[in-house]
Amino acid sequence: MRLDKFLCEMKIGSRSQVKVYIRQGGVTVNGTVVSNPEAQIRETEDEVCFRGKKLQYCQYVYYMLNKPKGVVSATKDNTAQTVVSLLGNRQREDIFPVGRLDKDTMGLLLLTNDGDLAHRMLTPKKHVEKTYRVTVSHPLTENDRIRLEQGLDIGDEKPTLPAKVELKEENVVLLTIHEGRFHQVKRMMQAVDNQVVELERVAFGGLVLDKGLKPGEYRALTAEEIDSCRGL
Ligand code: URA
């Protein structure tokens, strides 16, 4: 990896800032000052110090984001703001969202650069649980609840897998599903002649949305949270 990229990933500064720090002689690699920002280093083996302090390389990063409405679950977009841009510009370049929430959906989104973990959380084989707080246009009937819980036809080849429905308020339910089909929650509600007015994901796999995070805010996962995702 290039030295300037490594320093950016270690959040020492922007690409242009770290180039200045390197040229000024503030960076050593295995005890020797390296003033060329393009110098190649072995990030897992070389000892890189910035102003005398050793930088511990961390291969993977994991963030819980409270996705606001109006932001797309993508790394790049020509017109809309992306969830990755909410992390700010001092982040590493290889971070991506684990799965997608619709532009108008809010709530828990995991961002990482760990492709294996993302695959484990998204593979249809694992049936990883996702819980949504769903505000609907009118109250669900008992029959609607039973149909959603049993699994129903939403226009795909197969009906949905059994879900869990917990009534919270007249027009608000917690819906737990084990699949991630396109617009799944909205289509499930349409199948019972209802409509989603607001959608928020509150849990995903072992993760529960941190109530302390306002829409648009994020935090690093704790070691326990990372373990619980890895254990899936
Ligand atoms: N189901 C939907 O319809 N939309 C989402 O964003 C997530 C699940």
Side-chain angles (χ1 to χ4, degrees), residues 63-77 79-87 95-112 117-140 144-145 147-169 171-211 213-218 229 232:
Y63 296 113
M64 174 189 294
L65 169 74
N66 185 356
K67 178 193 172 297
K69 288 184 193 173
V71 175
V72 294
S73 302
T75 50
K76 286 197 177 82
D77 193 273
T79 48
Q81 189 177 18
T82 67
V83 288
V84 168
S85 76
L86 293 173
L87 301 181
I95 298 176
F96 58 89
V98 179
R100 282 167 187 270
L101 292 176
D102 295 338
K103 193 172 176 185
D104 57 358
T105 299
M106 311 177 288
L108 173 52
L109 191 63
L110 174 62
L111 298 167
T112 184
L117 180 122
H119 177 73
R120 272 204 299 281
M121 294 193 76
L122 294 176
T123 177
K125 285 187 209 144
K126 298 249 182 204
H127 301 306
V128 169
E129 224 174 61
K130 300 155 187 98
T131 301
Y132 295 87
R133 184 181 165 87
V134 193
T135 308
V136 282
S137 57
H138 54 274
L140 292 174
D144 296 339
R145 191 184 64 75
R147 288 183 62 209
L148 290 165
E149 290 206 329
Q150 284 180 341
L152 76 177
D153 180 5
I154 60 169
D156 293 341
E157 215 171 286
K158 287 186 181 166
T160 55
L161 290 176
K164 189 170 156 233
V165 179
E166 196 186 326
L167 299 178
K168 298 302 281 182
E169 291 165 38
N171 283 27
V172 180
V173 294
L174 279 186
L175 175 70
T176 301
I177 59 176
H178 303 85
E179 301 162 283
R181 301 191 202 179
F182 184 62
H183 293 331
Q184 180 160 348
V185 176
K186 289 173 184 164
R187 291 198 289 144
M188 287 173 78
M189 293 305 164
Q190 275 163 14
V192 293
D193 297 319
N194 214 317
Q195 241 191 328
V196 171
V197 174
E198 195 161 82
L199 190 56
E200 179 186 28
R201 184 157 69 185
V202 293
F204 176 34
L207 303 175
V208 176
L209 179 64
D210 185 332
K211 289 195 174 75
L213 293 175
K214 297 196 188 84
E217 290 184 345
Y218 68 94
C229 294
L232 286 169

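By convention here, the first residue in the shown sequence is residue 1. Both ligands and their constituent atoms are indexed starting at 1 by order of listing.
For ligand 1, the atoms sitting less than 4.0 Å from at least one non-hydrogen atom of L101 are 6 (O), numbered in the order shown with element in parentheses. In summary, the atoms of ligand 1 found under 4.0 Å from a heavy atom of Q184, numbered by their order in the structure, are 1 (N), 2 (C), 3 (O). Applying the 4.0 Å criterion to heavy atoms of T105 picks out, from ligand 1, the atoms 4 (N), 5 (C), 6 (O).
Ranking the protein heavy atoms by distance from atom 4 (N) of ligand 1 puts D102 OD2, 2.7 Å first.
Between K69 and E198 there is a salt bridge, since a side-chain N of the basic residue sits under 4.0 Å from a carboxylate O of the acidic one. Salt bridge absent: K158 and D153 never bring a charged side-chain N and a carboxylate O closer than 4.0 Å. Using a 4.0 Å cut-off between charged nitrogen and carboxylate oxygen, R147 and E149 do not count as a salt-bridge pair.
Distances shorter than 4.0 angstrom occur between a heavy atom of Y132 and an atom of ligand 1.
T123 places no side-chain N or O within 3.5 Å of a backbone atom of R120 that could act as its donor or acceptor partner.
Counting only heavy atoms from C-beta outward, the side chains of I177 and V185 approach each other to under 4.5 Å.
Considering backbone and side-chain N/O of R100, none are found under 3.5 Å from N/O of ligand 1.
Counting heavy atoms of neighbouring residues, nucleotides and ligands inside a 6.0 Å radius, atom NZ of K186 exceeds 12 of them.
Contacts between L199 and ligand 1, counted as non-hydrogen atom pairs separated by less than 4.0 Å, involve the side chain only. When heavy-atom distances to ligand 1 are checked against a 4.0 Å cut-off, V185 comes that close through both its backbone and its side chain.
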